[in-house]
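Beneath this line is the structure, given in structure tokens, with notes to follow.
Worth knowing before you read on, the calculation uses all heavy atoms, side chains too, and leaves out hydrogens, waters and symmetry mates.
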Amino acid sequence: MLARALAPYGGIVVWRCFVYNCGQDWRDHKTDRARAAYDHFMALDGDFDDNVILQIKNGPMDFQVREPVSPLFGGLKKTNMILEVQIAQEYTGQQIDLCYLIPMWKEILSFDTYGVGEGTTVERVVSGGCYGQNLCGIAGVINTGDDENWTGNDLAAANLYGFGRLAMDASLSAEQIAREWTRLSLGSSDDVTEVIVPMLCGSWRTYEKYNAPLGIGWMVTPHYHYGPDVDGYEYDRWGTYHRADLHGIGVDRTEKGTGYVTQYNEPWCSVYGDMEKCPEELLLFFHHTPYTYMLKTGKTLIQHIYDTHFEGVQEVERMQKSWNTLKGKIPDRAFSCVAERFERQLVNAREWRDRVNTYFYRKCGIEDEKGRKIYP
């Protein structure tokens, strides 16, 4: 209706596919928020007018630190599509904690949906290369303000810049973009770039380590979405459950569970549905997994949770020390701003580590094999 009203004036309708099962009951293990966008829009493929674009979030949930790629990119074939990513770091540190998101977006763009066979990457879908569409592209949700550096944290501006560069040239690597941004923004000397570029490129993985493990997501303070609250959304209506009990953690999204895996083309349906084949960074998104389950690293799931949360804090400490070596080498205002943000990030990382590790220790009673401080 809207498209037809706008068509005589050359108008275009961009419609976000951010839908979910509002009012979900935590007791219900079959209704799955992750299914909602695909269930809603796939039946409409081909029914939209040519001046309609569906804008699809990169994952089926809501910009978590790790999610699978939305199955809509491999399902829709007769509808214009835009990929939506979030620059604003709502769930990835809110531009306080350093989390350079270009590596995540590169993984999303290179994901092969197998929509029309091998090579149907998200990048080809949203550039129009797969289905001959002209109304397509990438959109970013950004939170800029009136700070001199726009984003509150000078380093967070790398995400805004990087989004623009990827939109222009998706072949650029995350490191190329980081180096380019650093030279333009903070200093062109090797003393500066050799500190900042590795820091940026490793920061997403660092944030993931002290955040929610292996794709489970959420476990965050309700409403504010900054800082940990493991059960913050566990019994609410938003469908963001981790399903932790004394035996394990994770959501069963296999065919016998919520059936979410069936929204993917092969081979992903089979890969995601098999605990042994599922990429481990997404294991808990697709499977309720015992704490004693042995990962490919040779660690149990619970030991992985303990180790990564300790490692995440240690990596923030190292980033902070590296940043302090730049005093006098970059503008004083930028140095002081980021130094203050690292202080806040370290507090946040420690809080995530202690709350998450304590929570799961209390759930399962399994000791950290390295004997580190976990609060009983």
Assess whether side-chain hydrogen bond (donor to acceptor under 3.5 Å, both in side chains) is satisfied between Asp191 and Ser189, documenting all intermediate values. CA-CA 5 Å; Asp191 287 349; Ser189 71; 5.0 Å; no
Let me see the working for Gln345 and Gln320 under side-chain hydrogen bond (donor to acceptor under 3.5 Å, both in side chains), right down to the final yes or no. CA-CA 9 Å; Gln345 180 172 359; Gln320 185 182 44; over 6 Å; no
Using side-chain hydrogen bond (donor to acceptor under 3.5 Å, both in side chains), reason through Glu90 and Gln86 one step at a time and then give a plain yes or no. CA-CA 8 Å; Glu90 177 186 359; Gln86 190 188 72; 2.9 Å; yes
Going through the distances and angles, do Glu194 and Arg179 end up as a salt bridge (charged side-chain N to carboxylate O under 4.0 Å, His left out)? CA-CA 9 Å; Glu194 296 312 311; Arg179 188 170 299 278; 3.0 Å; yes
Go through it in stages, so that I can follow the logic: the residues are Asp49 and Arg4, the test is salt bridge (charged side-chain N to carboxylate O under 4.0 Å, His left out), and I'd like the CA-CA distance, side-chain angles, deciding distance and then a yes or no. CA-CA 8 Å; Asp49 287 3; Arg4 287 168 191 172; 2.8 Å; yes
Going through the checks in order, is the side-chain hydrogen bond (donor to acceptor under 3.5 Å, both in side chains) test met by Thr79 and Asp45? CA-CA 6 Å; Thr79 305; Asp45 192 24; 2.6 Å; yes
Does the pair Lys321 and Glu317 meet the rule for a salt bridge (charged side-chain N to carboxylate O under 4.0 Å, His left out), with working shown? CA-CA 6 Å; Lys321 289 178 181 177; Glu317 291 171 340; over 6 Å; no
Using the salt bridge (charged side-chain N to carboxylate O under 4.0 Å, His left out) rule, take Asp190 and Arg183 through it: C-alpha gap first, then chi angles, then the decisive distance, then the call. CA-CA 9 Å; Asp190 290 344; Arg183 290 185 178 279; 3.4 Å; yes
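The aromatic rings of Trp323 and Phe342 sit tilted relative to each other, their planes meeting at an angle between 30° and 60°. Between Trp268 and Tyr272, the two ring planes are parallel [angle under 30°; tilted spans 30° to 60°].
Judged by distance alone, with hydrogens and angles left aside, the side-chain atoms of Asp229 form no donor-acceptor pair with the main-chain N or O of Met219 at under 3.5 Å. The backbone N or O of Val313 lies less than 3.5 Å from no partner atom in the side chain of Glu315, so there is not a single donor-acceptor pair. Asn153 contributes a side-chain N or O that, together with a main-chain N or O of Ile96, makes up a donor-acceptor pair within less than 3.5 Å. Counting only distance, with no hydrogens or angles, the side chain of Ser336 and the backbone of Arg333 share no donor-acceptor pair below 3.5 Å. At least one donor-acceptor pair under 3.5 Å links the side chain of His242 to the backbone N or O of Ala244. Remark: the backbone N or O of Val197 is not paired with any side-chain donor or acceptor of Glu175 at under 3.5 angstrom. Looking only at distances, no side-chain donor or acceptor of His247 sits under 3.5 Å from a matching main-chain atom of Tyr291. Checking side-chain atoms of Asp112 against main-chain N and O of Gly119 turns up a donor-acceptor pair under 3.5 Å. When atom types are taken as modelled, the side chain of Arg353 and the backbone of Gly312 share no donor-acceptor pair closer than 3.5 angstrom. Using a distance-only test at 3.5 Å, with no hydrogens or angles considered, a donor-acceptor pair links the side chain of Arg355 to the main chain of Pro228.
Residue-environment remark: CD (Glu340) exceeds the threshold of 12 foreign heavy atoms within 6.0 Å. By the neighbour-count criterion of 12 heavy atoms within 6.0 Å, atom CD of Glu266 is densely surrounded, having more than that number from other residues, nucleotides or ligands. No more than 12 heavy atoms of other residues, nucleotides or ligands lie within 6.0 Å of CG in Asp50, so this atom counts as exposed by the packing criterion. Atom CZ of Phe18 sits in a crowded spot, with more than 12 heavy atoms from other residues, nucleotides or ligands closer than 6.0 Å. Within a 6.0 Å sphere centred on NZ of Lys296, heavy atoms belonging to other residues, nucleotides or ligands number more than 12.
With rounding to the nearest 0.5 Å, the separation of CG in Leu186 from CD1 in Ile196 is 4.5 Å. Separating the CG atom in Leu246 from the CD1 atom in Ile366 is a distance of 10.0 Å, to the nearest 0.5 Å. To the nearest 0.5 Å, atom NE2 of residue His309 and atom NE2 of residue His304 are 8.5 Å apart.
Residues satisfying the ring-ring contact (aromatic ring centres under 6.0 Å, His included) criterion with Tyr235, sequence neighbours excluded, are Trp26. Partners of Thr258 by side-chain hydrogen bond (donor to acceptor under 3.5 Å, both in side chains), not counting sequence neighbours, listed by chain and number: Asp32. Remark: Thr92 pairs with Val65, Gln89, Cys99, Leu101, Tyr207 by the side-chain contact (heavy atoms from CB on, under 4.5 Å) rule, at least two apart or across chains. For Asp332, there are no side-chain hydrogen bond (donor to acceptor under 3.5 Å, both in side chains) partners two or more places apart in sequence or in a different chain. In this structure Gln303 satisfies the side-chain hydrogen bond (donor to acceptor under 3.5 Å, both in side chains) test together with Asp307, Asp368, sequence neighbours excluded.
Between Thr206 and Trp204, the closest side-chain pair of non-hydrogen atoms is not below 4.5 Å.
Between Arg253 and His287, the side chains place no donor N or O within less than 3.5 Å of an acceptor N or O (distance only, hydrogens not considered). A donor-acceptor contact closer than 3.5 angstrom links the side chains of Asp97 and Tyr210.
Figure legend: Lys363 and Tyr361 shown without cation-pi pairing, the cationic atom not lying both under 6.0 angstrom from the six-membered ring centre and within 45 degrees of its axis. Remark: Arg33 qualifies as a cation-pi partner of Tyr20 under the 6.0 Å distance and 45° angle criteria applied to the six-membered ring. Both the sub-6.0 Å distance and the 45° axial angle are not jointly satisfied by Arg372 relative to the ring of Tyr306.
Of the options Phe285, Trp238, Tyr241, Tyr91, a ring-ring contact (aromatic ring centres under 6.0 Å, His included) to Trp218 is made by Tyr91 and by none of the others.
Counting only residues at least two apart or in different chains, side-chain hydrogen bond (donor to acceptor under 3.5 Å, both in side chains) contacts with residues 124-150 comprise Asn149-Asp154.
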